[in-house]
Amino acid sequence: METFPKIISVDDHTVEPPNVWRDRLPSKYHDIGPRVVRAPLKEMTFMGGKFAPVMGAKGDDGPIGDWWVYEDLHRPLTRLDTAVGYDRDEIKLEVITYEQMRPGSFSVPERLADMDVNHVQSAVCFPTFPRFCGQTFTEAKDHELGLLGVRAYNDWMVEEWCGPQARGRLIPLTLIPLWDPQLAAEEVRRNAARGVRAVAFSEIPPHLGLPSIHTDEWDPFLRACDETGTVIAMHIGSSSRMPSTSADAPPAVGSTITFANCCFSMVDWLMSGKFEQFPNLRIMYAEGQIGWIPYILERADVVWEENRAWGGVADKVTRPPSELFAEHVYGCFFDDAFGLRNLDSIGVGNVLYETDYPHSDSTWPKSREVGESQMGHLAPDVVDRLVRGNAISLLGLTEDGLWGPSAP
C-alpha cells in the first residue's frame, strides 16, 4: 500500500511499575497490599490451560525473578509478559526481573517510542498483575482492600499511564470490583466523569464464581455502561481459564484455540436479551480474532429462528442475533487473513485492529507490514475504518485518534 493509516491498537498491555499500589494505598496496607519482591523460582508449569508458579525462599536455588505478592498470591513476571524484541525461539516460560524486560512495557516515554517504531498512534492497554479484568482483586480475601486496589489502579491508569506525558496516545481502560455490581456501576460512573470510555470485564463470569449475564445481577453495572457510553472490553483469559482439552495438553493447544472463550461469550450475550434491555451497550473481544464470527452468526440466527420457542429466548431476544451483533459487538484481530477475506460476512464496522504489545503473540515491530499484507485486497476507506476509524468512533477519540483529556 502507498499509505497505511496510523494504527489505533485496541489491545496492548501495560506491566505495572512496582510502586503503583504502594504509592496509593494507605500506609497500613503496605505490607499486605500488592508489592514486588525479588525471589528465586522453585517451580513453574503451564499445562492444561493452568499457570502454576511456586516462589522459592530467599537463598534457595533457582532463577531469580521479580514477583508480585498480595495476600496469598505470588505471581512472577515472565518472559511471556514482555516478549517483544526477542527471537521467537528465545521466548520461553521463564521468570524475569524488570531490568530484563523491554522498558516500554512499563515506562510511558519508552512505550511511545516503541509505538512510533510500529506505526502505532494510540493504544488501549490491559493490565498484567490485576489480570485482564481485575480478577486478582476479586479473588482476594479482603474486599475492602480489594476495592482500594481497584481504585488505585484506575487512578494510576488515568492520571499517570494515560496522563499528560502520554499526550493522548494512551487510552485508559479501567477495572471494576467484580464482586459487587453496584460498586462496579459507581466505579464506571466515577471514571466516565473523567473521560474514560472503556472498562474491562470477564468473558465468562461464572468461571470466576460470579453470576452469568443471563441473570439480572449485572444490571446496575450494565446500566452504568449504557448510560455513560462505556465500552465493555473482554480479553481472552479474562475468566481465568484458557481453553484447553485436557490437563496434560501442552500450551500450544490452548494457544491455537484462544478464540473459543470469545466465541462462547458472544453467544451468551447475543442470547441474553441485554442488548435490547440496554440499547447503548457496546462490547469488544480483545485478542479473539475474527475468522470464527461468520459461522457463529449464521448458526445463532438459525437457532433463534427455528428453536427460540423451546430455546429459552423467545421472550427476551426479539431480533435475529446477527442484527444485534451488527449494532453492539466488535471483534479484534492482529493476524487473521482468513477473517479479512470474509469481512463482508462480519461487517466492516464491527472490526478493530490491535498489536498485542508486548506479549509473545505481538506483531511488533511489524504490525504495519502484517496489516498491509493481509488488507491489500481491501479498499483504502475500508482499511482506514479497520485500522483506526472504528476505534475512534467506538472510544470517543478526537478526529486525530487521541484520547481527549490528555490530547495536546
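Heads up: numbering here begins at 1 and tracks the sequence.
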For this session: Report the C-alpha separation of Met101 and Val15 in whole Å, then their side-chain angles, then the decisive distance to 0.1 Å, and conclude whether the side-chain contact (heavy atoms from CB on, under 4.5 Å) test is met.
Result: CA-CA 10 Å; Met101 70 172 65; Val15 177; 4.0 Å; yes
Exercise. Taking the six-membered ring for Trp, are Tyr353 and Phe333 ring centroids under 6.0 Å apart?
Worked result: yes
Exercise. How about Asp31: does its CG atom have over 12 heavy atoms from other parts shown lying under 6.0 Å from it?
Worked result: no
Exercise. Does one side chain, of Gln135 or Ser238, offer a donor that lies under 3.5 Å from an acceptor on the other?
Worked result: no
For this session: Kindly give the heavy-atom pair with the smallest separation between Pro220 and Pro181, and that separation in Å.
Result: CB-O, 3.9 Å
Problem set entry | Exam field: side chain Trp218 to backbone Thr215, donor-acceptor pair closer than 3.5 Å | no
Exercise. Just wondering, do Phe221 and Asp226 contact through their side chains at under 4.5 Å, heavy atoms?
Worked result: no
Exercise. Do the side-chain N and O atoms of Tyr357 and Asp114 include a donor-acceptor pair separated by under 3.5 angstrom?
Worked result: yes
Problem set entry | Arg308/Val303 under side-chain contact (heavy atoms from CB on, under 4.5 Å): CA gap, chis, key distance, verdict | CA-CA 7 Å; Arg308 64 179 181 267; Val303 169; over 6 Å; no
Problem set entry | Centroid-centroid distance, Trp179 to His143, less than 6.0 Å | yes
Problem set entry | Asp336 side-chain N/O to Ile290 backbone N/O, donor-acceptor pair under 3.5 Å | yes
For this session: Decide yes or no for Asn19 and Asp23: does some side-chain heavy atom of the first lie under 4.5 Å from some side-chain heavy atom of the second?
Result: yes
Exercise. Does NZ in Lys6 sit with more than 12 non-hydrogen atoms of other residues, nucleotides or ligands closer than 6.0 Å?
Worked result: yes
Exercise. Is any side-chain N of the basic residue among Arg38 and Glu99 closer than 4.0 Å to the acidic one's carboxylate O?
Worked result: yes
Exercise. In Å and rounded to the nearest 0.5 Å, what is the CZ to CG distance from Phe325 to Leu297?
Worked result: 5.0 Å
Exercise. Hey, are Gln374 and Asp335 close enough side-chain-wise for a donor-acceptor pair under 3.5 Å?
Worked result: yes
For this session: To the nearest 0.5 angstrom, please state how far the CG atom of Asp268 sits from the NZ atom of Lys274.
Result: 11.5 Å
Exercise. Under 3.5 Å, is there a donor-acceptor pair linking the side chains of Thr82 and Ser105?
Worked result: yes
Seminar exercise, completed: Taking every heavy atom of Met271 against every heavy atom of Pro321, the minimum-distance pair comes out as CE-CG, 4.0 Å
Exercise. How about Glu139 and Arg131: do any of their side-chain heavy atoms sit closer than 4.5 Å?
Worked result: yes
Exercise. Could you give the distance from SG (Cys125) to CG (Asp12), rounded to the nearest 0.5 Å?
Worked result: 5.0 Å
Exercise. Does the pair Glu90/Arg79 count as a salt bridge with the N-to-O cut at 4.0 Å?
Worked result: no
Exercise. Does Asn350 reach the main-chain N or O of Ala326 with its side chain, forming a donor-acceptor pair under 3.5 Å?
Worked result: yes
Exercise. Taking everything shown except Asp315 itself, do over 12 heavy atoms lie less than 6.0 Å from its CG?
Worked result: yes
For this session: Specify whether Trp156 and Tyr153 have parallel, tilted or perpendicular ring planes, treating 30° as the upper limit for parallel and 60° as the lower limit for perpendicular.
Result: tilted
For this session: Please answer whether the main-chain N or O of Glu287 pairs with a side-chain N or O of Glu354 as donor and acceptor at a distance below 3.5 Å.
Result: yes
Problem set entry | Cationic N near anionic O, under 4.0 Å, Arg169 to Asp400 | no
Exercise. Under 3.5 Å, is there a donor-acceptor pair between the side chain of His30 and the main chain of Arg22?
Worked result: yes
Exercise. Just by distance, do the side chain of His74 and the backbone of Val69 share a donor-acceptor pair under 3.5 Å?
Worked result: no
Exercise. Between Lys42 and Asp61, is there a salt bridge with N-O shorter than 4.0 Å?
Worked result: no
Problem set entry | Worked verdict on Val196 versus Thr230 for side-chain contact (heavy atoms from CB on, under 4.5 Å) | CA-CA 7 Å; Val196 176; Thr230 300; 5.7 Å; no
Exercise. What is the distance from atom CH2 of Trp292 to atom CG of Asn342, rounded to the nearest 0.5 Å?
Worked result: 14.0 Å
For this session: Without swapping roles, check the side chain of Gln289 against the backbone of Phe334 for a donor-acceptor pair under 3.5 Å.
Result: yes
Exercise. Out of curiosity, Asp301 CG to Arg319 CZ, how far, rounded to the nearest 0.5 Å?
Worked result: 11.0 Å
Problem set entry | Heavy-atom closest contact (Pro103 atom, Glu110 atom, distance) | CB-CG, 3.7 Å
For this session: Report yes if some heavy atom in the side chain of Gln121 is under 4.5 Å from a heavy atom in the side chain of Ser9; otherwise report no.
Result: no
Problem set entry | Test side chain to side chain contact (heavy atoms under 4.5 Å, CB included) applied to Phe201 and Ile213, Leu175, Ile283, the passing residue | Ile213
Exercise. Do any N or O atoms from the side chain of Ser246 and from the backbone of Ala249 form a donor-acceptor pair under 3.5 angstrom?
Worked result: yes
Exercise. Looking at side-chain heavy atoms only, is the closest gap between Phe126 and Leu173 below 4.5 Å?
Worked result: yes
Exercise. Would you say His214's side chain and Trp269's backbone share a donor-acceptor pair under 3.5 angstrom?
Worked result: no
Exercise. Does the side chain of Leu222 come within less than 4.5 Å of Gln277's, by heavy atoms?
Worked result: no
Problem set entry | Minimum heavy-atom distance between Leu25 and Gly33, given as atom pair plus value | CD1-CA, 4.1 Å
Problem set entry | Non-hydrogen atoms of Ile293 and Met266 that approach each other most closely | CG2-CE, 4.4 Å
Exercise. Going by heavy atoms in the side chains, are Thr128 and Arg75 under 4.5 Å from each other?
Worked result: yes
Exercise. Do Leu80 and His359 come within less than 4.5 Å of each other through their side chains, counting heavy atoms only?
Worked result: no
Exercise. So, does Asn390 use its side chain to make a donor-acceptor pair with the main chain of Leu352 at under 3.5 Å?
Worked result: no
Exercise. Above 12 or not: heavy atoms from other molecules or residues under 6.0 Å from CG of Asp72?
Worked result: no
Exercise. Salt bridge between Asp155 and Arg190, side-chain N to carboxylate O under 4.0 Å?
Worked result: yes
Exercise. On the ring face of Trp21, is Arg24 found with NZ or CZ under 6.0 Å from the centre and within 45° of the axis?
Worked result: no
For this session: Compare every heavy atom of Ile8 with every heavy atom of Ile171, then report the nearest pair and how far apart it is.
Result: CD1-CG2, 4.2 Å
For this session: May I ask you to check whether Phe132 and His13 place their ring centres under 6.0 Å from each other?
Result: yes
Problem set entry | Centroid separation Tyr98 to Phe106 less than 6.0 Å | yes
Exercise. Can His235 and Asp11 be said to form a side-chain contact (heavy atoms from CB on, under 4.5 Å), step by step?
Worked result: CA-CA 8 Å; His235 195 285; Asp11 170 32; 3.3 Å; yes
Problem set entry | Aromatic ring proximity Tyr70/Phe137, centre distance under 6.0 Å | yes
Exercise. Would you call Glu186-Arg189 a salt bridge at under 4.0 Å N-O?
Worked result: no
Problem set entry | Spacing of CZ belonging to Arg197 relative to CG belonging to Asn191, to within rounding of 0.5 Å | 13.5 Å
Exercise. Do we see a donor-acceptor contact under 3.5 Å between the side chains of Thr97 and Asp66?
Worked result: no
For this session: Identify whether the distance between the nearest side-chain nitrogen and carboxylate oxygen of Glu187 and Arg151 falls below 4.0 Å.
Result: yes
